[in-house]
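Worth saying up front: this structure is predicted, and the values here are computed from it rather than measured. Throughout, numbering of the chain's residues begins at 1 and tracks the sequence.
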Amino acid sequence: MQSRLPEPSADERAHSDRLLSQLREQMAAQGPMPFAQYMERCLYTPGLGYYSAGTTKFGEAGDFVTAPELGELFARCVVNAVQPVLAMLGGAADFLELGGGSGVFAEAALRAMAAAQTLPRRYLILEPSADLRERQREHLAAALPAELYARVQWLDRPPEEDWRGVLFANEVIDALPTTRFTLRDGEVYEEYVALDGEGRLMRVDRPADALVAGAVRHVERDLGRDFADGYRSEILPQLPYWIQAVAGSLSAGLMLFVDYGYVRREFYLPDRRDGTLMAHYRHRAHSDPLYLPGLNDLTASVDFTALAEAGNSGGFGVLAYLPQAQFLIAADLQRAFEQAYEQAPDELSRYRLAQQVKRLTLPDQMGERFQAMLFARGLDAVPLAAELLAADQGGRL
């Protein structure tokens, strides 16, 4: 597997070795660490974690391409979907983006909101990575008119005071540190990362604690079947607490999550015996999360049934659940494309727009792999487009 991946530079390997040294020190002092903790360290260790270090993450020069990086159509459709609620809430509405990526979504969204005359009071970006936050600032300061840039604020933690508006997260939940579990003789075990006799990383299983075991048993009850011995997958027992942490102060408004994943019965298919965990390195996906820690993006698909449960437990109701292609079409992708096509300066730009639509909507691209889920709380009425509500597939959850 590793021979098929690009060779890291000497600097990249030294960077990974520094993080590996820290991981070894912690394991030598405290013993094996739960996989979720290992993943958190690999992604978010200050200065060394994947999202906390100074390499390009997004776009063709990085390790993966997200929907906003393809162009403005995705952001325009998101704004089309939520702008009726922003308009209803009026001048007190805020828009909160979880994880701002490179800043291109915020740029396109603010321009679309301005065009629709539904600018929020504040465009908030909750970004835990100091490196990414600085990149976002540089991009938006250069790309936006001063009056739009003035609305942007960065947060280190979720709002503590009650607020009204829209919370948006694209490809965020897949990067939450996930718990890995397996079954042995009918008992639940949790996957840990440990050191072998030569100081190399290895994965081991330990009896799960009550929180993890209880979460796995809940899934079994919901599926109506027990997991077979040896079955291994992922679960997010902390998801209800995370929703409460990031959205507990949203008193009235919408949450919109877009990510890749499945409903529960598809997530935990009996044949999917090693879960959905993947590592991404320079546009190549592989299955070894212990390879070059700090240089790989580690992700797991989203159990959207679990997300719906977590939202419900936080006092939100699910408004709609649907594949990304259906969401974008219901959010007037056709009009967004036609407007952009008319404004395109040349044939190459028009070709790229057509390719963008294909990437966003085709089943073998992002169209079916990615799903959208809308929640609401504290609204007397939800003025969503009828097309969005009609395309709801919430019955599959």
Side-chain angles (χ1 to χ4, degrees), residues 57-82 101-102 104-105 108-109 112 168-175 256-263 265-267 269 271-272 276 278-287 297 299-304 307 320-344 346-374 385 387-397:
K57 312 296 187 301
F58 307 95
E60 298 298 339
D63 295 308
F64 53 86
V65 176
T66 64
E69 301 295 327
L70 296 174
E72 295 187 357
L73 294 181
F74 179 79
R76 290 188 187 186
C77 289
V78 168
V79 172
N80 286 345
V82 305
S102 66
V104 295
F105 178 87
F168 171 69
N170 181 67
E171 291 196 57
V172 169
I173 296 180
D174 67 83
L256 170 58
F257 295 93
V258 180
D259 222 315
Y260 48 89
Y262 313 92
V263 297
R265 66 179 179 275
E266 296 171 0
F267 189 103
L269 285 173
D271 290 343
R272 189 173 280 129
T276 67
M278 293 298 294
H280 298 270
Y281 181 63
R282 295 191 192 171
H283 292 282
R284 288 169 173 81
H286 63 94
S287 58
D297 183 29
T299 71
S301 296
V302 177
D303 172 1
F304 275 91
L307 179 58
Y321 166 72
L322 61 170
Q324 176 175 290
Q326 298 304 311
F327 169 76
L328 296 176
I329 292 168
D332 218 349
L333 174 63
Q334 180 70 28
R335 180 166 60 93
F337 170 76
E338 291 172 353
Q339 291 173 345
Y341 195 88
E342 290 175 2
Q343 297 164 2
D346 51 44
E347 282 302 316
L348 178 58
S349 299
R350 288 188 277 273
Y351 171 78
R352 286 174 174 166
L353 279 168
Q355 293 302 111
Q356 192 181 147
V357 171
K358 290 181 179 179
R359 289 283 298 275
L360 290 171
T361 61
L362 286 179
D364 61 344
Q365 298 284 326
M366 294 180 172
E368 295 291 337
R369 291 184 57 241
F370 283 72
Q371 312 289 308
M373 182 170 278
L374 276 156
E387 292 83 357
L388 262 177
L389 297 176
D392 174 39
Q393 298 182 14
R396 298 176 53 227
L397 292 168

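To the nearest 0.5 angstrom, Y281 atom OH is 8.5 Å from H286 atom NE2. Atom CG in D303 sits 9.0 Å away from atom CG in L397 (nearest 0.5 Å). Atoms OH and OG, on Y262 and S301 in that order, are 4.5 Å from each other to the nearest 0.5 Å. Between atom CZ of residue F337 and atom CD of residue E342 there is a gap of 10.5 Å, rounded to the nearest 0.5 Å. Between atom CG of residue L360 and atom CD of residue Q355 there is a gap of 11.0 Å, rounded to the nearest 0.5 Å. Separation of atoms CG (D259) and CZ (R369) is listed at 10.0 Å; rounding is to 0.5 Å.
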Working for side-chain contact (heavy atoms from CB on, under 4.5 Å), residues M366 and L70
CA-CA 11 Å; M366 294 180 172; L70 296 174; 4.1 Å; yes

Working for side-chain hydrogen bond (donor to acceptor under 3.5 Å, both in side chains), residues T299 and Y260
CA-CA 10 Å; T299 71; Y260 48 89; 2.6 Å; yes

Determine, stepwise, if the pair F105 / N170 fulfils side-chain contact (heavy atoms from CB on, under 4.5 Å).
CA-CA 10 Å; F105 178 87; N170 181 67; over 6 Å; no

Run the side-chain contact (heavy atoms from CB on, under 4.5 Å) test on L374 and L388 for me, step by step, so that the C-alpha distance in whole Å, both residues' side-chain angles and the decisive distance to 0.1 Å come before the verdict.
CA-CA 10 Å; L374 276 156; L388 262 177; 4.3 Å; yes

Check the pair L256 / F327 against side-chain contact (heavy atoms from CB on, under 4.5 Å), numbers first and verdict last.
CA-CA 11 Å; L256 170 58; F327 169 76; 3.8 Å; yes

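A salt bridge between R335 and E338 is absent, with no side-chain N of the basic residue lying under 4.0 Å from a carboxylate O of the acidic one.
Remark: the backbone N or O of A300 is not paired with any side-chain donor or acceptor of D174 at under 3.5 angstrom. The backbone N or O of L333 lies less than 3.5 Å from no partner atom in the side chain of N80, so there is not a single donor-acceptor pair. Of the possible donor and acceptor atoms, none in the side chain of R76 sits under 3.5 Å from a partner among the backbone N and O of D332. Without hydrogens or angle criteria, Q356 side chain to L73 main chain gives a donor-acceptor distance under 3.5 Å.
What you find for E171 and A67 is that their closest heavy atoms are OE2-N, 4.3 Å. Taking both residues in full, the closest heavy atoms of A330 and A385 are given as O-CB, 4.5 Å, listed atom of the first, atom of the second, then distance. Considering all non-hydrogen atoms of both residues, A75 and A109 come closest at CB-N, 3.9 Å.
Residues F74 and V258 meet the side-chain proximity criterion, which asks for heavy atoms closer than 4.5 Å. Counting only heavy atoms from C-beta outward, the side chains of V302 and Q371 never approach each other to under 4.5 Å.
Remark: of the listed residues K358, Q324, R359, R359 is the sole one forming a side chain to side chain donor-acceptor pair (under 3.5 Å) with Q365.
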